[in-house]
Protein chains: 2
Amino acid sequence: MMNFAVAIFCMKISLKSLKKKMPQEEKLYDLAELFKVFGDTTRVKIISALFEAELCVCDIAVLLGMSQSAISHQLRVLRQARLVKHRKEGKVVFYSLDDEHIKTIFNQGLEHILEPRGFEHAVF
Amino acid sequence: MMNFAVAIFCMKISLKSLKKKMPQEEKLYDLAELFKVFGDTTRVKIISALFEAELCVCDIAVLLGMSQSAISHQLRVLRQARLVKHRKEGKVVFYSLDDEHIKTIFNQGLEHILEPRGFEHAVF
DNA sequence: CTAACATGTGAATAATTGTTCATATGTACA
DNA sequence: TGTACATATGAACAATTATTCACATGTTAG
């Protein structure tokens, strides 16, 4: 009975210290917000296209076979998350990737999905 | 007039070759699905906790102050995306991170949000 | 100035996603 | 075998998010 109580006590302590080690709540929230931006097929396609070249809105729209409006809305999301930067040339706005983290995140993600599955994940 | 037509012709060609360079549509879809999994505060918190230690469902629930059911649902999502693996010990199920990509993705994401903002992003 | 074009954006709708509640499954132990 | 506990899951509801449509803004060329 005493051991049980002690165990509970210790668990509480260790969960508390674990919580301290974790990044602040706010940072984790921002991190989720960042990944949410990566978590949409249209935006992933845009990012993937910008890996290869700087592109204007209308080219991206043609490339993905989507409306200019839809692309523009998504580019705003990407801009706000600082995943892309833009450069205006006359009436045309060119977009490109903002920094190296994006490439790393994207490539690590690709590696993860291309990784062969272990037995514990097999469906049979 | 001719130059214009040639320019259009070239643009079509280059967009076409750009499309060829991009990963297959299906891979980009899977990639977005993967990032979607990272794109939720609860799941990010779970991942962050598992960075530090292997944990059982009830510990995670206590740690995050959420219901066992909510955590279990989210762990299933993480399992299906192969972000976590699990190990059963009696009636307790312990979860831990599955591979290194996850740590890299998580850390690159953190670096991105902690990065100081350039002028072009200033609000002013 | 006006017409034509590229892009941005608010509002509405459609689609997706997270949490809760109730309950099921499976294990341990008396 | 029955009770207690840990975890999983289906269905419903609530919340969030993407796309479309209509229109606004801003730029270039005539």
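Order of the sequence lines fixes the chain letters, A, B, ..., with proteins taken first and strands second; residue numbering starts at 1 for each chain. Scope of the values below: all heavy atoms of this structure, side chains included, with no hydrogens, waters or symmetry mates.
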Quickly work out the [X] [atom1] to [N] [atom2] distance and round it to whole Å.
X	N	atom1	atom2	value
B:Met66	D:dA8	CE	P	15 Å
A:Lys91	D:dT25	NZ	C1'	14 Å
A:Glu89	D:dG26	CD	C1'	16 Å
B:Lys36	D:dT16	NZ	C1'	13 Å
B:Ile46	D:dT7	CD1	P	13 Å
A:Gln74	D:dT17	CD	C1'	9 Å

Closest approach of B:Pro23 to B:Lys27 (non-hydrogen atoms, all atoms of both residues):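 Scanning both residues completely, I find the closest heavy atoms to be CB-CB, 4.3 Å.
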
Does OP1 or OP2 of [N] have a side-chain N or O of [X] closer than 4.0 Å?
X	N	answer
B:Ser72	D:dT7	no
A:Arg43	D:dA18	yes
B:Tyr95	D:dA8	yes

Near-ring test A:Phe51/A:Phe106, centroid separation under 6.0 angstrom: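 Yes, the ring of A:Phe106 comes within the 6.0 Å limit of the ring of A:Phe51, centre to centre.
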
Summary of side chain to side chain donor-acceptor pair (under 3.5 Å) pairs that have at least one residue in residues 44-58 of chain A, sequence neighbours excluded: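 Every side chain to side chain donor-acceptor pair (under 3.5 Å) pair that includes a residue of residues 44-58 of chain A, provided the two are not neighbours, is A:Lys45-B:Glu25, A:Glu54-A:Arg87.
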
Base of D:dT9 and ring of B:His73 stacked, centres under 5.5 Å, planes under 30°: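 B:His73 ring centre within cut-off of D:dT9 base, planes near parallel; stacks.
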
Donor-acceptor pair under 3.5 Å, B:Ser69 side chain vs D:dT9 base: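 Looking at the base of D:dT9, it does pair with a donor or acceptor on the side chain of B:Ser69 (distance under 3.5 Å).
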
N/O donor-acceptor pair, side chain B:Gln68 with base D:dA8, under 3.5 angstrom: yes

N/O donor-acceptor pair under 3.5 Å between B:His86 side chain and B:Cys56 backbone: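 Checked: no pair found.
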
Test applied, side chain to side chain contact (heavy atoms under 4.5 Å, CB included); reference residue, B:Arg43; option that passes from B:Leu78, B:Leu75, B:Ile71: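 Answer to the side chain to side chain contact (heavy atoms under 4.5 Å, CB included) test with B:Arg43 among B:Leu78, B:Leu75, B:Ile71: B:Leu78.
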
All side-chain contact (heavy atoms from CB on, under 4.5 Å) counterparts of B:Glu111, not counting sequence neighbours: A:His101, B:Gln108

Minimum side-chain heavy-atom gap B:Leu83-B:Leu34 below 4.5 Å: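 SC-SC contact between B:Leu83 and B:Leu34 confirmed.
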
Residue whose nearest DNA chain D nucleotide is more 5′ - A:Lys88 or B:Cys58: B:Cys58

First encountered from the 5' end of DNA chain D, between A:Val77 and B:Phe94: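 So the residue in question is B:Phe94.
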
Contact interval (first through last nucleotide) of DNA chain C with protein chain A, 4.0 Å heavy-atom: C:dC5 to C:dG10

